[in-house]
Amino acid sequence: MDREKTCCFTGHRPDKLPWGEEESDPRCVRLKRAVAQAVEGAYVSGVRHFITGMARGIDLYCAEAVLALREAEEDITLECARPCETQSDSWPEGERERYRSILERCDYETLVQHHYDRFCMMRRNRYMVDRSGLLIAVYNGVPKGGTFQTLAYAMKKGLAVHTIDLEDFCQ
């Protein structure tokens, strides 16, 4: 894949989102619209390959936005970068079904490593950044955690970054 035509995502899981798991909340609906607009903007700028890390929350929102755009633009590919085989094993059943549905519809599936260890998420994030020219980040501004670390790594690697400020969706 051409790095300049590749975009990856980072963002928070439901426990750090103001609406938690309640995706019908108007703030979540607005955020999903902003994510879809960012994905469309990336497409217009020449991105054709998107990589999601498949975590609950923002990663799944982003994957679904790419799949929705792919219905209209057939030259889009979605890669699901899984940190380990057991990523979704402890999730609620509805989220596991959503995860499997996205995997069934993706174009590429990358398993970063077979077994979980405390570094597998970081390795997955670096895998995505190392293959991308653009990062779309949904970020709450807190300087800790995986989203912050992925954003910092992307900036160090010189990626273009489109940040969606989660604070804009808290009201």
Side-chain angles (χ1 to χ4, degrees), residues 1-13 16-17 31-85 87-88 98-99 101-114 116-166 168:
M1 301 291 161
D2 181 349
R3 194 173 172 200
E4 293 310 308
K5 293 183 178 182
T6 302
C7 170
C8 63
F9 305 101
T10 192
H12 304 293
R13 290 181 177 81
K16 290 188 180 171
L17 301 174
L31 175 65
K32 286 183 177 184
R33 193 173 311 121
V35 165
Q37 289 169 345
V39 168
E40 288 172 29
Y43 179 80
V44 168
S45 74
V47 170
R48 295 298 180 264
H49 184 66
F50 294 86
I51 309 173
T52 177
M54 292 299 287
R56 292 180 69 215
I58 300 304
D59 284 4
L60 297 185
Y61 298 179
C62 292
E64 290 167 342
V66 171
L67 290 169
L69 185 59
R70 191 178 70 183
E71 290 178 17
E73 307 294 349
E74 295 178 3
D75 57 343
I76 289 175
T77 55
L78 176 65
E79 178 179 354
C80 294
R82 297 170 53 210
C84 62
E85 291 172 341
Q87 181 179 19
S88 68
R98 185 180 196 179
Y99 180 89
S101 172
I102 292 168
L103 284 175
E104 288 169 5
R105 294 178 286 155
C106 77
D107 301 284
Y108 304 95
E109 181 180 342
T110 301
L111 183 64
V112 175
Q113 65 185 58
H114 289 283
Y116 174 84
D117 69 29
R118 62 191 187 112
F119 299 111
C120 67
M121 306 296 179
M122 181 194 69
R123 286 187 192 103
R124 183 261 333 261
N125 295 341
R126 290 188 172 200
Y127 167 86
M128 295 189 307
V129 168
D130 288 344
R131 286 154 182 78
S132 299
L134 171 66
L135 172 70
I136 295 175
V138 178
Y139 179 52
N140 64 8
V142 176
K144 64 178 184 174
T147 299
F148 171 75
Q149 291 170 357
T150 303
L151 195 51
Y153 184 69
M155 291 165 61
K156 178 181 165 189
K157 290 292 192 171
L159 270 68
V161 175
H162 177 119
T163 303
I164 299 171
D165 186 349
L166 188 57
D168 293 342

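In what follows, every heavy atom counts, from backbone to side chain, and hydrogens, waters and symmetry copies are set aside.
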Fit a plane to each ring of Tyr139 and His12, take the angle between them on a 0 to 90° scale, and name the class: parallel (under 30°), tilted (30 to 60°) or perpendicular (over 60°).
parallel
Correct closest heavy-atom pair for Lys5 and Gly46 would be CG-O, 3.5 Å
Distance in Å, Ile51 CD1 paired with Asn125 CG, rounded so as to fall on 0.5 Å steps
11.5 Å
Assess whether side-chain contact (heavy atoms from CB on, under 4.5 Å) is satisfied between Leu103 and Arg82, documenting all intermediate values.
CA-CA 10 Å; Leu103 284 175; Arg82 297 170 53 210; 3.9 Å; yes
Where is the tightest heavy-atom contact between Met155 and Val161, given as atom of each residue plus distance?
CG-CG2, 4.0 Å
May I ask you to decide if Ser132's main-chain N or O and Thr6's side chain share a donor-acceptor pair within less than 3.5 Å?
no
Would you find more than 12 non-hydrogen atoms of other residues, nucleotides or ligands less than 6.0 Å from Lys32 atom NZ?
yes
Can you find a heavy atom in the side chain of Leu78 that is under 4.5 Å from one in the side chain of Arg105?
no
Where the side chain of Thr147 meets the backbone of Thr10, is there a donor-acceptor pair that is under 3.5 Å apart?
no
Between Cys84 and Leu111, what is the shortest heavy-atom contact and its length?
C-CD1, 3.5 Å
Polar side chain donor-acceptor pair, Thr77 to Asp107, under 3.5 angstrom
no
With a 4.5 Å cut-off on side-chain heavy atoms, are Tyr61 and Val138 touching?
no
Just wondering, do Tyr43 and Arg48 contact through their side chains at under 4.5 Å, heavy atoms?
yes
CD1 of Ile102 to CE of Met54, rounded to nearest 0.5 Å, is 4.5 Å
Do Asp130 and Tyr153 make a side-chain contact, defined as non-hydrogen atoms from C-beta onward lying under 4.5 Å apart?
yes
If every non-hydrogen atom of His162 is compared with every non-hydrogen atom of Leu134, which pair is closest and at what distance?
N-CD1, 4.1 Å
Look at Asp117 together with Arg123 and state whether they make a salt bridge at an N to O cut-off of under 4.0 Å.
yes
Is there side-chain contact between Leu69 and Ile76, with heavy atoms separated by less than 4.5 Å?
yes
Mind checking the CD-NE2 spacing from Glu79 to His49? Nearest 0.5 Å is all I need.
4.0 Å
Less than 4.5 Å apart, side chain to side chain, heavy atoms only: is that true for Cys62 and Val39?
no
So, does Glu64 use its side chain to make a donor-acceptor pair with the main chain of Arg98 at under 3.5 Å?
no
Which heavy atom in Gln87 sits nearest to a heavy atom in Ala55, and how many Å separate them?
NE2-N, 3.5 Å
Polar side-chain atom of Arg124 near backbone of Gly53 as donor-acceptor pair, under 3.5 Å
yes
For the student: nearest non-hydrogen atoms of Ala38 and Ile164, plus distance:
CB-CD1, 4.1 Å
Looking at CG of Leu60 and OG of Ser88, how far apart are the two atoms once the value is rounded to the nearest 0.5 Å?
9.5 Å
Is a side-chain N or O of Thr110 found less than 3.5 angstrom from the main chain of Val112, in a donor-acceptor match?
no
